[in-house]
Amino acid sequence: MANTGPIVILTGAGISRESGLHTFRDSDGIWAQHRIEDVATPEAFARNPRAVHTFYNTRRRQLVTGNIRPNAAHEALARLERAWPEPVLLVTQNIDDLHEKAGSRALIHMHGELRKARCAHCGHVQVEDGDLGVEQPCPVCTRTGGMRPHVVWFGEMPLGMDEIAEAIDRCTLFVSIGTSGNVYPAAGFVQEARYRARAHTVELNLEPSAGESLFAEKIYGPATQVVPAFVERLLTQRL
Ligand code: APR
């Protein structure tokens, strides 16, 4: 059946793996090296801000100076957004900047952005390519101790949820790419798309995710292979 309606695409760490960034839950992933409760919760930041800063400063440096570039999967999604006749909203759980570097414009970073800092005291958000530290004052409210990575930690509300819900309600195609389907609310989007919007649902991943049975169609393989092929199929055959 031809499909030319609005599209929502959810991406996770798997799409950036072939650009050189580690995923979270694979055997060589970030959560095999660090405990979530030590580095990715508001309680961790309150208890030991230096450890949290070190964790994110290391990852930010890798992104800024580590020659990390978008791969063929990021580029294919940017191409799809430019060529598709209806809106294509890209919702990423990733805090890297590879989608925007590839040219995607309609993009929501629902878990925040590594290359931004936010003041916990006044809410000021700024571009940040350097290291963050506890002594750093906020340039707006001048208080120290509040400058934190502009990322969503476990227990915090993801960003852009209203806009995401509206787009899922309208979409006729929902595609999930490179995510293990373990973290909510993102892991629940497929159900909203399938049962509320009656959209076609597709999973593109290296292996079946936790939510595999919820997808009508599944294609397994490395993102740099399966994503460009899927985009090509969409643009030529409309589904
Ligand atoms: N191509 C496609 N998929 C891949 C590739 C690849 N080259 N390499 C790994 N994958 C798949 C894995 O099989 C796995 O299913 O990507 C998925 C990555 O899953 P996770 O590591 O759990 O990452 P993600 O789903 O993005 O995590 C969600 O959890 O820790 C939090 O905030 C963090 O945004 C993150 C969220």
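Each ligand, and each atom within it, is numbered from 1 in the order the structure gives.
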- Task: Could you list which atoms of ligand 1 come closer than 4.0 Å to a heavy atom of E18?
- Result: 1 (N), 6 (C), 7 (N)

- Atom indices of ligand 1, in the order listed, that fall short of 4.0 Å to a heavy atom of G12: 26 (O)

- So, the side chain of R59 versus the backbone of L114: is there a donor-acceptor pair under 3.5 Å, distance only? no

- Backbone N/O of T92 and side chain of H109: donor-acceptor pair under 3.5 Å: no

- Taking only heavy atoms of F154 into account, list the atoms of ligand 1 that are under 4.0 Å away from them. 30 (O), 31 (C)

- Query: With distance as the sole test, does N205 use its side chain to make a donor-acceptor pair with the main-chain N or O of E207 at under 3.5 Å?
  - Reply: yes

- Message: Quick test: of every protein heavy atom, which one is nearest to atom 25 (O) of ligand 1, and how far off is it to 0.1 Å?
- Response: T179 OG1, 2.6 Å

- Query: Has ligand 1 got any nitrogen or oxygen that is less than 3.5 angstrom from a nitrogen or oxygen of F24?
  - Reply: yes

- Does N205, backbone or side chain, put an N or O under 3.5 Å from an N or O of ligand 1? yes

- Message: Students should be able to answer this: which protein heavy-atom is nearest to atom 28 (C) of ligand 1, and at what distance?
- Response: Q93 OE1, 3.3 Å

- Message: Looking at R60 and E128, is any side-chain nitrogen of the basic one under 4.0 Å from a carboxylate oxygen of the acidic one?
- Response: no

- Message: Please report whether ligand 1 has a polar contact with W31, defined as an N or O pair separated by less than 3.5 Å (distance criterion only).
- Response: yes

- Query: Under the salt bridge (charged side-chain N to carboxylate O under 4.0 Å, His left out) criterion, do R50 and E135 qualify, and how do the steps go?
  - Reply: CA-CA 10 Å; R50 282 173 216 282; E135 290 84 19; 3.4 Å; yes

- State whether W153 and R148 meet the cation-pi test: NZ (Lys) or CZ (Arg) under 6.0 Å from the six-membered ring centroid, and within 45° of the perpendicular axis. yes

- Note on the structure: When distances are taken from atom 27 (O) of ligand 1, the protein heavy atom at minimum range is R25 NH1, 3.1 Å

- Charged N to carboxylate O below 4.0 Å: is that the case for R233 and E217? yes

- Among protein heavy atoms, which sits nearest to atom 6 (C) of ligand 1, and what does the distance come to when rounded to 0.1 Å? G14 O, 3.4 Å

- Message: Among all protein heavy atoms in this structure, tell me which lies nearest to atom 26 (O) of ligand 1, with the distance rounded to 0.1 Å.
- Response: A13 N, 2.8 Å

- Can E113 and R115 be counted as an ion pair, charged N to O under 4.0 angstrom? no

- Item | Atom indices of ligand 1 within 4.0 angstrom of P222 heavy atoms, with elements | 1 (N)

- Task: I would like to know whether D131 and R61 meet salt bridge (charged side-chain N to carboxylate O under 4.0 Å, His left out); could you show each step before the answer?
- Result: CA-CA 8 Å; D131 285 356; R61 270 188 232 149; 2.5 Å; yes

- Query: Who's the nearest protein heavy-atom neighbour of atom 9 (C) of ligand 1, and how far?
  - Reply: D26 OD2, 3.4 Å

- Message: Could you walk me through whether E86 and T4 satisfy the side-chain hydrogen bond (donor to acceptor under 3.5 Å, both in side chains) test, starting with their C-alpha distance in whole Å, then the side-chain angles of each, then the deciding distance to 0.1 Å, before giving a yes or no?
- Response: CA-CA 7 Å; E86 289 281 327; T4 52; over 6 Å; no

- Task: Give the residue and atom name of whichever protein heavy atom lies nearest to atom 34 (O) of ligand 1, and the separation in Å to one decimal.
- Result: H111 ND1, 2.9 Å

- Message: If the cut-off is 4.0 Å to any non-hydrogen atom of E207, which atoms of ligand 1 fall inside it?
- Response: 13 (O)

- Can you pull out the closest protein heavy atom to atom 20 (P) of ligand 1? Residue, atom name and distance to 0.1 Å, please. S180 OG, 3.6 Å

- is_close_aromatic(F55, H34), centroid dist under 6.0 Å: yes

- Query: Of all the atoms in ligand 1, which lie at a distance below 4.0 Å from a heavy atom belonging to G178?
  - Reply: 3 (N), 16 (O), 17 (C), 18 (C)

- A student checking ligand 1 against V183 at a 4.0 Å heavy-atom cut-off should list atoms 28 (C), 29 (O), 36 (C)

- Determine whether the side chain, the backbone, both or neither of R17 has a heavy atom under 4.0 Å from any heavy atom of ligand 1. side chain

